[in-house]
Amino acid sequence: METYGCQMNFSDSEIVASILFDKGYFSTEEITQADIIFINTCSIRDNAEQRVKKRLQQFRSYKKRNPALIIGLLGCMADRIKTVLLEEEQLLDVISGPDSYRDLPRLLEQVESGQPGVNTLLSMEETYADITPVRLGSNGISAFISIMRGCENYCSYCVVPSTRGRERSRETGSIIHEAQDLFSRGYREITLLGQNVNSYRWTEEEEEVNFAKLLIRIARIDSLLRIRFATSHPKDISDELLEAIAAHPNICKSIHLPVQSGSSRVLELMNRKYSREQYMERVDAIRRIIPGCAISTDIITGFCNEAEEDHRETLSLMEWIGFDYAFMFNYSERPQTLAAETLDDNIPQEVKERRLKEVIDLQQKLSYQRNSEDLHQVFEVLVEGESKRSGDQFMGRNSQNKVVVFPKKRSKPGDYVRVKIHQCTSATLLGKIID
Ligand code: SAH
Ligand code: SF4
Ligand code: F3S
């Protein structure tokens, strides 16, 4: 199985693996040995889809060598291009959307009887709450837990509401149980996933559990279990949530708060439901309630009608906030979105690219500045494993989600160590364990 796209998709691949392992299938690292190849796909930008299509062409050669090979496409591209892919390409045997993974064993049986297996129906209820994911490629320390599915925010540029359907929360008890189980198996860090975790809501025994309450319940499992979460929508990140983060040392001091643009005019066109000023007010609240909290973001450049002045407002907002980290993208028009239907994708490619470069260059400078502020400070770091560059060094993260690299010195993965920082780049902190 290969996975493209976001953390939610990665988490879904672990659910798919669990469903198939239960039916007696097992996985292989060697693709040429596989009888079935699944590719879990992403539609978020055009280049994400192009990568998947290229990969499918490579699968074609495997199928020539082994005509019995079954190829399945899962995830966010499934519904959008099922007819094209089935009829024109004649490569795929199985197509399954994000809510129909329980149906995969039946779809595979259908293939054995000579018919392609297709199910891309979206559901109002499916949360896979009872399925224990098989941890794929895990370091044994950090794991994802999906707490909700779908999205109903309808940002005008975004395909997710149409690929993943209605927003629904997963039952609280099953989330707590999964977290407890991971902790007892040695995991020390979990990341709760949803497109907008702030709107998590589950009612049980007349009590409503919102996201802040869910976080507190998980934080109480054990002080050695770290909790992260993504993604927070700026329009509904509440003080109650910020206070819960501040009050629990094991809830990490790092918030991913995608801003998308620094211009209120563009934010309105994007249907983000907050203004530049409202975003700044939330950042002030984070700084006031959780001192030392890292803030990361997502930015789209060259959205429809974005004037040079709007772009400069994005740059000035970035400077004002001093984001620790950012994911930055050129706008890519997606079919069946509000923007594709009602707005003109009118910023020339070279202007989009120049603006993106300015945003990336500025962020690089800001990340370096933020990391420099950490010099000579001591952080508690959860050891994840060996650093990529050297077998003598470990890598881990601090509460602010920054990667820290340091000499091993009697520590092992899963330990918490105190590291004093003596050097940094824009991406990494370097330090030494202190006793
Ligand atoms: N639910 C999350 C984001 C999910 S998609 C949120 O609301 O923040 C991850 C990021 O991809 C988005 O934050 C956005 O910056 C980017 N993105 C989404 N659609 C895009 C598009 N059509 N073109 C370019 N970037 C896009
Ligand atoms: Fe897309 Fe907006 Fe939903 Fe995020 S909140 S997934 S950007 S529609
Ligand atoms: Fe994720 Fe891509 Fe789908 S970002 S939700 S896999 S469109």
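Both ligands and their constituent atoms are indexed starting at 1 by order of listing. Just so it is clear, the values below take in all heavy atoms, side chains as well, and ignore hydrogens, waters and symmetry mates. In this text, all values refer to a predicted model and were calculated from it rather than measured experimentally. The first residue of the sequence shown is numbered 1, and numbering continues consecutively from there.
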Can you tell me how far [atom2] of [Y] sits from [atom1] of [X], rounded to the nearest 0.5 angstrom?
X: Gln369; Y: Leu366; atom1: CD; atom2: CG; value: 5.5 Å
X: Tyr274; Y: Arg282; atom1: OH; atom2: CZ; value: 13.0 Å
X: Asn371; Y: Gln400; atom1: CG; atom2: CD; value: 10.5 Å

Quick one: nearest non-hydrogen protein atom to [atom], plus distance?
atom: atom 7 (S) of ligand 2; answer: Tyr157 OH, 3.4 Å
atom: atom 2 (Fe) of ligand 3; answer: Cys42 SG, 2.3 Å
atom: atom 5 (S) of ligand 1; answer: Ile44 CD1, 3.5 Å
atom: atom 7 (S) of ligand 3; answer: Ser43 N, 3.3 Å
atom: atom 3 (Fe) of ligand 3; answer: Cys76 SG, 2.2 Å
atom: atom 1 (Fe) of ligand 3; answer: Cys6 SG, 2.3 Å
atom: atom 6 (C) of ligand 1; answer: Thr231 CG2, 4.0 Å
atom: atom 9 (C) of ligand 1; answer: Asp298 OD2, 3.7 Å

Taking non-hydrogen atoms only, is Glu333 closer than 4.0 angstrom to ligand 1 via side chain, backbone, both or neither?
-> neither

With heavy atoms under 4.0 Å as the rule, classify the contact between Gln195 and ligand 1 as side chain, backbone, both or neither.
->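 Both of them.
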
May I ask you to check whether [X] has an N/O atom sitting below 3.5 Å from an N/O atom of ligand 1?
X: Tyr157; value: yes
X: Arg334; value: no
X: Arg272; value: yes
X: Ser332; value: yes

Can you name the residues that form a salt bridge (charged side-chain N to carboxylate O under 4.0 Å, His left out) with Glu358, not counting sequence neighbours?
->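 Testing Glu358 for salt bridge (charged side-chain N to carboxylate O under 4.0 Å, His left out), a comparison that skips the adjacent residues, returns Arg354.
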
Quick one: does Met77 get a heavy atom under 4.0 Å from ligand 3?
->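 Under 4.0 Å: no for Met77.
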
Residue-ligand contact Arg164/ligand 3, heavy atom below 4.0 Å =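 Under 4.0 Å: yes for Arg164.
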
What atoms in ligand 3 come closer than 4.0 Å to a heavy atom of Asn9?
-> 6 (S)

Which ligand 3 atoms, with their elements, are less than 4.0 angstrom from a heavy-atom of Gln195?
-> 5 (S)

Residue Gln377 excluded, over 12 heavy atoms near CD under 6.0 Å | yes

One thing to verify: whether [Y] and [X] come together as a salt bridge, which I'm taking to mean a side-chain N less than 4.0 angstrom from a carboxylate O.
X: Arg201; Y: Glu167; result: no
X: Arg102; Y: Asp130; result: yes
X: Asp181; Y: Arg185; result: yes
X: Arg265; Y: Glu313; result: no
X: Arg149; Y: Glu126; result: no
X: Glu178; Y: Arg170; result: yes
X: Glu204; Y: Lys213; result: no
X: Arg51; Y: Asp46; result: no

Check whether any side-chain N or O of [X] sits under 3.5 Å from a backbone N or O of [Y] as a donor-acceptor pair, and report yes or no.
X: Asn198; Y: His233; answer: yes
X: Thr428; Y: Thr425; answer: no
X: Ser399; Y: Lys253; answer: yes

Is it the side chain (CB and beyond), the backbone, both or neither of Met8 that lies under 4.0 Å from ligand 3, heavy atoms counted?
-> neither

Any donor-acceptor N or O pair under 3.5 Å, side chains Tyr187, Ser138 =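 Per modelled atom types, Tyr187 and Ser138 side chains form a pair under 3.5 Å.
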
Enumerate the protein N/O/S atoms at a distance below 2.8 Å from atom 3 (Fe) of ligand 2, ignoring waters.
->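 Under 2.8 Å from atom 3 (Fe) of ligand 2 - ignoring waters, which are not counted - the protein N, O or S atoms are Cys151 SG.
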
Parallel, tilted or perpendicular: which fits the ring planes of Phe329 and Phe327, with parallel below 30° and perpendicular above 60°?
->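 It falls in the parallel class, under 30°.
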
State if Asn196 counts as touching ligand 1 under the rule of any non-hydrogen atom under 4.0 Å.
-> no

Looking at ligand 1, does Asn330 have a heavy atom less than 4.0 Å from it?
->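 Asn330: in contact with ligand 1 (<4.0 Å).
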
Just which atoms of ligand 1 are under 4.0 Å from any heavy atom in [X]?
X: Gln260; result: 8 (O), 12 (C), 13 (O), 14 (C), 15 (O)
X: Arg45; result: 11 (O), 16 (C), 17 (N), 23 (N), 24 (C), 25 (N), 26 (C)
X: Pro258; result: 8 (O)

Considering only heavy atoms of Arg272, which atoms of ligand 2 have at least one such atom less than 4.0 Å away?
->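 In order of number, 2 (Fe), 7 (S).
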
